[in-house]
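Predicted, not measured: the structure shown is a model, and the values here were computed from it. Residue numbering restarts at 1 for every chain, and letters A, B, ... go by the order of the sequence lines.
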Amino acid sequence: MTESPAPSTQPTPDSPGAGIAARADRLASARIDRPLRLITWNVNSLRRRLDQVLRLLEEQTPDLLCLQETKVIDALFPAAALADAGYPHQAVHGMPGYNGVAVVSRWPLEGIRTQAVRGRADARLVLAWVPAFEVDVHCLYVPAGGDVPDPDTNPRFADKLAFLDDLAEWYAGWFGRIDRIILCGDLNVAPLERDVWDHRRLSRVVTHTPVEIAHLARLRSSLLWADAVRDLADPDTPVFTWWSYRTADWRHANKGRRLDHVWVTPPLSPAIAGFEVLSETRDWRPPSDHAPLRVTLDLTRAGVAPERSGKTALSPR
DNA sequence: ATGTCTACCTTAGGTAGA
């Protein structure tokens, strides 16, 4: 999958000593001609993976990096290290031990807020408005759902389905005020046949069961989200973003699943320009079981967003 | 059914979650 090369005259993000006017000029030009590069990565502990995150930022220089399973409370979030790497703008939503999401950005973030799904403070969704690109970015971590794909005997699986339902209902409440939204993260569902290494076998395995796929489809329909990867990839081509720790030679066995996704609302769908699964990180030590997914949006091709009433994109219900 | 990671609580080993 190829991406359009970045223009050589692209604006540079904040740098020390940059004047406000100069910065405003750069932001203005950014709105016009600079592709947005976003990476989403379930790091399975940000502190355990911090060196790798810094390496990824240095090698890829994305505009936005969305992280899931940060597994760190906000007070211990490695804000300074990420700021030193050029990502001083951060939307952080953590909790002890599990879950945790964050967006780190080269560009200022506004309207940072979190959203509880199913009424729980579970640190699974953080949202921020990115003025430089006029997009709202939503970083999401869907519950894994346990091992048994039966909502009657496995409360975790039932909770996963209800989580997807509640989220779909919440987003449906935004309908009619659709704007430029990027929803990305570990959705913990591989919806299509070529999103898993063995469709028939995995149809009875959590992440690829018909009921989960149906609930994910309901979420997708809530705001008519476009699936950036499958918008570009041939439907017969397998795309995976996750390989189990339990497989000895992950690359050779290639028993992968596409659990990580980037979705965009209809105004952004014409802007979908490229994607790549950065699977080389699966060999970095010690690895996350997820690989980063990079998506490029050429916003010059985006549809016109509706008039905005306030500074932040949208307010839920 | 198995396998392997990570955090946490407590101190080397088990439990929970994925």
[X] [atom1] to [N] [atom2], straight-line distance once rounded to whole Å:
X	N	atom1	atom2	answer
A:His290	B:dT6	NE2	P	13 Å
A:Asn188	B:dG17	CG	P	15 Å
A:Gln52	B:dC5	CD	P	13 Å
A:Asn44	B:dG17	CG	C1'	10 Å
A:Asp159	B:dG17	CG	C1'	13 Å
A:Asn99	B:dA18	CG	P	6 Å
A:Lys255	B:dT2	NZ	P	16 Å
A:Trp242	B:dA18	CH2	C1'	9 Å

Under 4.0 Å, heavy atoms only, any strand: does A:Arg124 hit a base, just the sugar-phosphate, or nothing? sugar-phosphate
Measure from the side-chain heavy atoms of A:Arg49 and tell me the nearest of B:dC8, B:dT6, B:dA18. B:dT6
Measuring only the [atom1] atom in each nucleotide, how far is [N] from [M]? A whole number of Å is fine.
N	M	atom1	answer
B:dG14	B:dA1	P	23 Å
B:dT6	B:dT10	P	22 Å
B:dA18	B:dA12	P	28 Å

Let me spell it out: for each of A:Arg285 and A:Tyr141, pick the nucleotide of DNA chain B with the closest heavy atom. Which residue's pick is nearer the 5' end? A:Arg285
Nearest nucleotide by nearest heavy atom, which residue falls closer to the 5' end of DNA chain B, A:Tyr98 or A:Arg47? A:Arg47
On a heavy-atom basis, the closest approach of A:Val101 and A:Thr70 is N-OG1, 3.7 Å
Test the A:Arg257-A:Phe240 pair against the cation-pi criterion, namely NZ or CZ under 6.0 angstrom from the six-membered ring centroid and within 45° of the ring axis. no
Between A:Thr40 and A:Gln68: side-chain donor-acceptor atoms closer than 3.5 Å: yes
Is A:Arg246 side chain donor-acceptor paired with the B:dA18 base, going by distance under 3.5 Å alone? yes
If you apply the rule side-chain hydrogen bond (donor to acceptor under 3.5 Å, both in side chains), what do you find for A:Asn44 with A:His290, and how did you get there? CA-CA 8 Å; A:Asn44 187 14; A:His290 293 257; over 6 Å; no
May I ask you to say whether A:Asp227 pairs ionically with A:Arg258, meaning some side-chain N is under 4.0 Å from a carboxylate O? yes
